[in-house]
Amino acid sequence: QKEVEQDPGPLSVPEGAIVSLNCTYSNSAFQYFMWYRQYSRKGPELLMYTYSSGNKEDGRFTAQVDKSSKYISLFIRDSQPSDSATYLCAMTAAGGFKTIFGAGTRLFVKA
Amino acid sequence: EAQVTQNPRYLITVTGKKLTVTCSQNMNHEYMSWYRQDPGLGLRQIYYSMNVEVTDKGDVPEGYKVSRKEKRNFPLILESPSPNQTSLYFCASSSTGTSGSTDTQYFGPGTRLTVL
């Protein structure tokens, strides 16, 4: 079993839809939870970062962490064609230097 | 401009021919790391370095070497490349911040390596 599980998709939605992306994990030591966005032929870029449990909002993006369920989510409101990319979840333990990434979910937003 | 650079961006080589992929960052970050990205497997960490002369294995270190002689540079060395090392490679850097953890990593543009 992988430490971090993420549905690879692809996920196709119409413009304006609410998108929900999710990851589950097995290591209870993870304390830092990140979402990276990766456009085709580019390196990943940090989108959202959350410490421990709770919600964090940044514009159209909301990250949620439920440590009791070992489940994290990224919501995208009013999705745009420019949101079409691969979204990778990532996690690190406190004081740790190893980051574990999910496989990434490929998202297509149709105009 | 803050950035992580990698060279070369594309490389086709043959089995057994030693190669080095360079990585450099201009953000004075302590932490640097190498990942490989394969379809369906996501990003897997090869090696990481917490600071100059301090390196450690990630999840898939076999067949790779690294060195950290200067803070800004973290080259990845394949002493005897094999076809199963054909992949997309990313270098990343991060400050360790007050948390002491590598929470925000800045990635380079990637190096696509093909080993024939």
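Residue numbers start from 1 in every chain, and the chains themselves are labelled A, B, ... in the order their sequence lines are given, proteins ahead of strands. Since we're looking at a predicted model, the values are computed, not measured.
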Heavy atoms from other residues, nucleotides or ligands near [atom1] of [X] exceed 12 (cutoff 6.0 Å):
{"X": "B:I12", "atom1": "CD1", "answer": "no"}
{"X": "B:R44", "atom1": "CZ", "answer": "yes"}
{"X": "B:K65", "atom1": "NZ", "answer": "no"}
{"X": "B:Y106", "atom1": "OH", "answer": "no"}

Scored by heavy-atom pairs under 4.5 Å with chain B, the best of A:P44, A:G104, A:G102, A:A90 is A:P44
Interface residue of largest heavy-atom contact number with chain B, from A:E45, A:K42, A:Q38, A:R41, under 4.5 Å | A:Q38
Would you kindly confirm whether [X] and [Y] end up in one hydrophobic cluster when ILVMFWY residues are joined by side chain heavy atoms under 4.5 Å apart?
{"X": "A:L47", "Y": "B:L43", "result": "no"}
{"X": "A:F61", "Y": "A:V65", "result": "yes"}
{"X": "A:L74", "Y": "A:V19", "result": "yes"}

Using 0.5 Å steps for rounding, measure from the [atom1] atom of [X] to the [atom2] atom of [Y].
{"X": "A:F101", "Y": "B:Y35", "atom1": "CZ", "atom2": "OH", "value": "4.5 Å"}
{"X": "A:T99", "Y": "B:Y31", "atom1": "OG1", "atom2": "OH", "value": "5.0 Å"}
{"X": "B:Q45", "Y": "A:I100", "atom1": "CD", "atom2": "CD1", "value": "6.5 Å"}
{"X": "A:L46", "Y": "B:Q105", "atom1": "CG", "atom2": "CD", "value": "9.5 Å"}

What heavy-atom pair brings A:A103 and B:G40 nearest, and what distance separates the two atoms?
->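 Closest approach of A:A103 to B:G40: CB-O, 3.7 Å.
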Evaluate salt bridge (Lys or Arg N to Asp or Glu O under 4.0 Å) for B:D59 paired with A:K98, printing each intermediate quantity in order.
-> CA-CA 9 Å; B:D59 291 322; A:K98 291 178 71 171; 3.3 Å; yes
Heavy-atom proximity to chain A below 4.5 Å, by part of B:Q37 | side chain
